[in-house]
Asker: 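Below you will find the structure I want to go over with you.
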Protein chains: 2
Amino acid sequence: MKIDPKSPADLSAQIAAAIRDAIVEGRLIVDQRLPSEAELSEQFEVSRPTVREALKRLAAQSLIRTQRGATGGAFVNRLSFPDAYAQQITTSTLLLSMNAVSFETACEARYALERACAPLSATRRSADHLATMRAEIHRQAQPGLTDEAFCASDVAFHRALVDGAGNPVLSYQLAGAVEAMQPLMNMITFTARDRARIVALHKDIADAAEARDGTGVTNGLSALEAETQSLAQAVFAARAAAQAPRTAD
Amino acid sequence: MKIDPKSPADLSAQIAAAIRDAIVEGRLIVDQRLPSEAELSEQFEVSRPTVREALKRLAAQSLIRTQRGATGGAFVNRLSFPDAYAQQITTSTLLLSMNAVSFETACEARYALERACAPLSATRRSADHLATMRAEIHRQAQPGLTDEAFCASDVAFHRALVDGAGNPVLSYQLAGAVEAMQPLMNMITFTARDRARIVALHKDIADAAEARDGTGVTNGLSALEAETQSLAQAVFAARAAAQAPRTAD
DNA sequence: GGACTTTAAATGTCTGACATTAAATTCGCA
DNA sequence: TGCGAATTTAATGTCAGACATTTAAAGTCC
């Protein structure tokens with residue numbers, strides 16, 4: 001592992017990249033201990049703070065973990081599914097909020113991906129997954145629920161549907177799509193009538209899942225997508241009209 | 001923004017979390033300049049190296065960028081789609097390589113997600129996307145191609161299919177699924193006969209895309225998944241037999 | 001032999017300094 | 001007055017050395 005001291009990039013970035021490559025390429029394996037900071041600073045011919053900055057970069061990506069004490073040090077971390085979920089959600093949320101992605105585009109992507117899980121979930125979902133879906137539908141029908149709580153319950157419903165597919169890789173991929181939509185969904189204010197329609201569609205999906213009817217779940221998701229899109233359009237149109245009422249003169 | 005000096009967590013991790021929250025919650029907006037390292041170290045009552053470690057953590061996630069010079073400093077970074085792609089691919093690759101995810105599970109997830117793009121891509125794909133797919137099919141049919149090059153071309157083919165959907169959020173989500181599979185695919189050695197079958201299936205998919213036949217693309221992907229799964233099973237079975245021939249005694 | 005103490009090795013943090021970069025300012029000159 | 005070159009300045013990048021803290025292992029005493 002070598003670095004180029006004349007490169008324009010930060011030394012810490014170069015060192016982090018060198019170690020990251022070693023991990024990705026399998027030269028450093030899970031739970032293996034890296035050399036101590038002092039040894040790394042000798043090896044790369046840089047100071048200890050520079051090495052530390054490099055290690056913090058890797059720690060931020062959950063690639064390593066550090067442990068203090070006599071037998072401590074930096075260890076190659078097994079990237080767990082929950083860690084990966086969290087990164088996925090953060091990245092997706094920022095991507096949507098920072099790039100002026102239209103609600104339409106995000107919504108389309110989200111439902112397209114979720115439909116990918118529908119046939120698998122209908123076949124494999126456990127009684128537990130179905131019970132979670134039913135419980136969330138029940139919660140969503142309660143009158144006093146805040147918009148935020150309604151959206152959170154919506155996310156939980158869809159999570160159960162996705163997890164029902166029994167494929168952790170799929171669940172990981174969908175985490176970003178489903179959870180990152182929540183801030184966008186929160187922007188829509190749900191009236192009682194809107195909620196009732198959504199709950200009814202959720203019930204259709206749960207019924208199809210109970211009957212192990214993959215096509216039914218897929219169609220239910222499509223209907224929900226259409227409902228969500230038209231709802232969002234109505235809200236955005238109303239907002240535009242309220243903000244610029246003079247254009248009608 | 002405050003931190004707790006008595007918390008067991010690293011100060012740099014706490015500071016990074018505080019700033020990250022400010023960005024995610026919109027209190028710091030894109031291209032806004034953060035206080036200088038000296039000011040941050042005063043504000044959080046820590047030393048400059050500690051602040052720097054926190055900033056490097058954020059830089060590793062592409063949340064900030066730094067600029068040297070008189071008007072330099074740390075700026076909130078707009079997370080670009082290419083940045084997000086790269087993170088997605090790294091995370092997905094590590095997740096698969098470190099968690100003993102079976103080929104079957106990864107393959108199922110990948111094709112399920114890709115089928116989600118099929119109808120959209122069939123409808124919206126440009127002539128360019130189709131041309132890329134045709135070009136890659138042509139490349140894949142050439143005899144002298146190494147396994148690595150064949151797999152890379154395979155990835156390029158599927159990328160074109162996914163990008164054809166014209167939804168950047170979908171492309172971003174699929175980046176991990178498609179690209180992270182490549183190392184796993186590379187583990188399979190393709191014989192001439194295997195390649196011919198795969199190329200034929202690719203051609204079916206391209207034909208369906210040309211005819212704007214979404215169902216055809218979907219079915220083509222399902223056929224390709226079945227082919228890939230049976231191919232992998234054969235390879236793994238052969239390997240197991242070669243490694244443990246005594247078990248037949 | 002078990003409980004306690006000591007030791008050592010590692011990360012976590014701080015101080016202060018210097019190097020480097022790049023924009024803003026100043027100065028000199030036409 | 002206007003413009004280009006030199007200077008200043010403010011920021012990050014890097015370094016050296018020190019001390020604090022944590023943790024496990026080695027050693028010691030009863």
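Letters A, B, ... are given to chains in the order of the sequence lines, protein chains preceding strands, and every chain is numbered from 1. In this text the structure is predicted, and so the values were computed from the model without any measurement.
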Asker: Return the value, rounded to whole Å, for the distance between atom CD of B:E42 and atom C1' of C:dC14.
Answerer: 15 Å
Asker: Answer yes or no: does a side-chain N or O of A:T50 lie under 4.0 Å from OP1 or OP2 of D:dC15?
Answerer: yes
Asker: What is the distance, rounded to the nearest whole Å, between atom CD1 of B:I64 and atom C1' of D:dG13?
Answerer: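 Distance, rounded to whole Å: 14 Å.
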Asker: Does a distance-only test, which skips hydrogens and angles, find a donor-acceptor pair under 3.5 Å between the side chain of A:R68 and the base of D:dT23?
Answerer: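 In this structure, the two groups form no donor-acceptor pair.
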Asker: Quick check: any donor-acceptor pair below 3.5 Å linking the side-chain of B:R48 to the base of C:dG16?
Answerer: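 Between C:dG16 and B:R48, which were checked side chain against base, a qualifying N/O pair under 3.5 Å is absent.
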Asker: How close or far is atom P of D:dA10 from atom CZ of B:F75, stated in whole angstroms?
Answerer: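 About 16 Å, once rounded to whole Å.
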Asker: Please state whether the phosphate of D:dC15, meaning OP1 or OP2, lies under 4.0 angstrom from any side-chain nitrogen or oxygen of A:S47.
Answerer: yes
Asker: So for atom CD, which belongs to A:E45, do other residues, nucleotides or ligands contribute more than 12 heavy atoms lying within a distance under 6.0 Å?
Answerer: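 12 or below, so no.
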Asker: Expressed as a whole number of angstroms, how long is the span from A:E53:CD to C:dT13:C1'?
Answerer: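 Rounding to the nearest Å, CD of A:E53 and C1' of C:dT13 are 14 Å apart.
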Asker: What's the CD-P distance between A:E37 and D:dT21, to the nearest Å?
Answerer: 17 Å
Asker: What distance do A:T105 atom OG1 and A:L184 atom CG have between them, rounded to the nearest 0.5 Å?
Answerer: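 Going from OG1 on A:T105 over to CG on A:L184, the span is 10.5 Å.
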Asker: How many whole angstroms separate atom CZ of A:R57 from atom C1' of D:dG13?
Answerer: 11 Å
Asker: Taking only N and O in the side chain of B:R52, is any of them less than 4.0 Å away from OP1 or OP2 of D:dG13?
Answerer: yes
Asker: Quick one: B:D10 CG to C:dC14 P, roughly how many Å, whole number?
Answerer: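 Checked: the CG to P distance equals 11 Å.
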Asker: Heavy atoms from C-beta onward define the side chain here; which of C:dG12, D:dT23, D:dT9 lies closest to that of A:A70?
Answerer: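 Taking heavy atoms from C-beta onward, the closest nucleotide is D:dT23.
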Asker: Do A:K56 and A:S12 have side chains that get closer than 4.5 Å, going by heavy atoms?
Answerer: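 Counting from C-beta outward, A:K56 and A:S12 never come under 4.5 Å.
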Asker: Between B:E53 and A:R48 (salt bridge meaning N to carboxylate O under 4.0 Å), is one present in this structure?
Answerer: no
Asker: Pick base, sugar-phosphate or nothing for B:R65, based on heavy-atom distances below 4.0 Å to the nucleic acid.
Answerer: nothing
Asker: Check the distance between C:dA9's P and A:Q67's CD and give it to me in whole angstrom.
Answerer: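 Distance check: A:Q67 CD to C:dA9 P gives 17 Å.
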Asker: Which nucleotide wins on minimum distance to the side chain of A:L11, given the candidates D:dA25, D:dC15, C:dG12?
Answerer: D:dC15
Asker: Does A:R159 count as lying over the ring of A:Y85, i.e. NZ or CZ under 6.0 Å from the six-ring centre, within 45 degrees of the axis?
Answerer: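 Yes, cation above the ring, under 6.0 Å and within 45°.
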Asker: Using a cut-off of less than 4.0 Å, is there contact between a side-chain N or O of B:T66 and OP1 or OP2 of D:dG13?
Answerer: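 True: B:T66 side-chain N/O within range (under 4.0 Å) of D:dG13 OP1/OP2.
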Asker: Which nucleotide in the set C:dA10, D:dA11, D:dC15 lies at the smallest distance from any side-chain heavy atom of A:R33?
Answerer: C:dA10
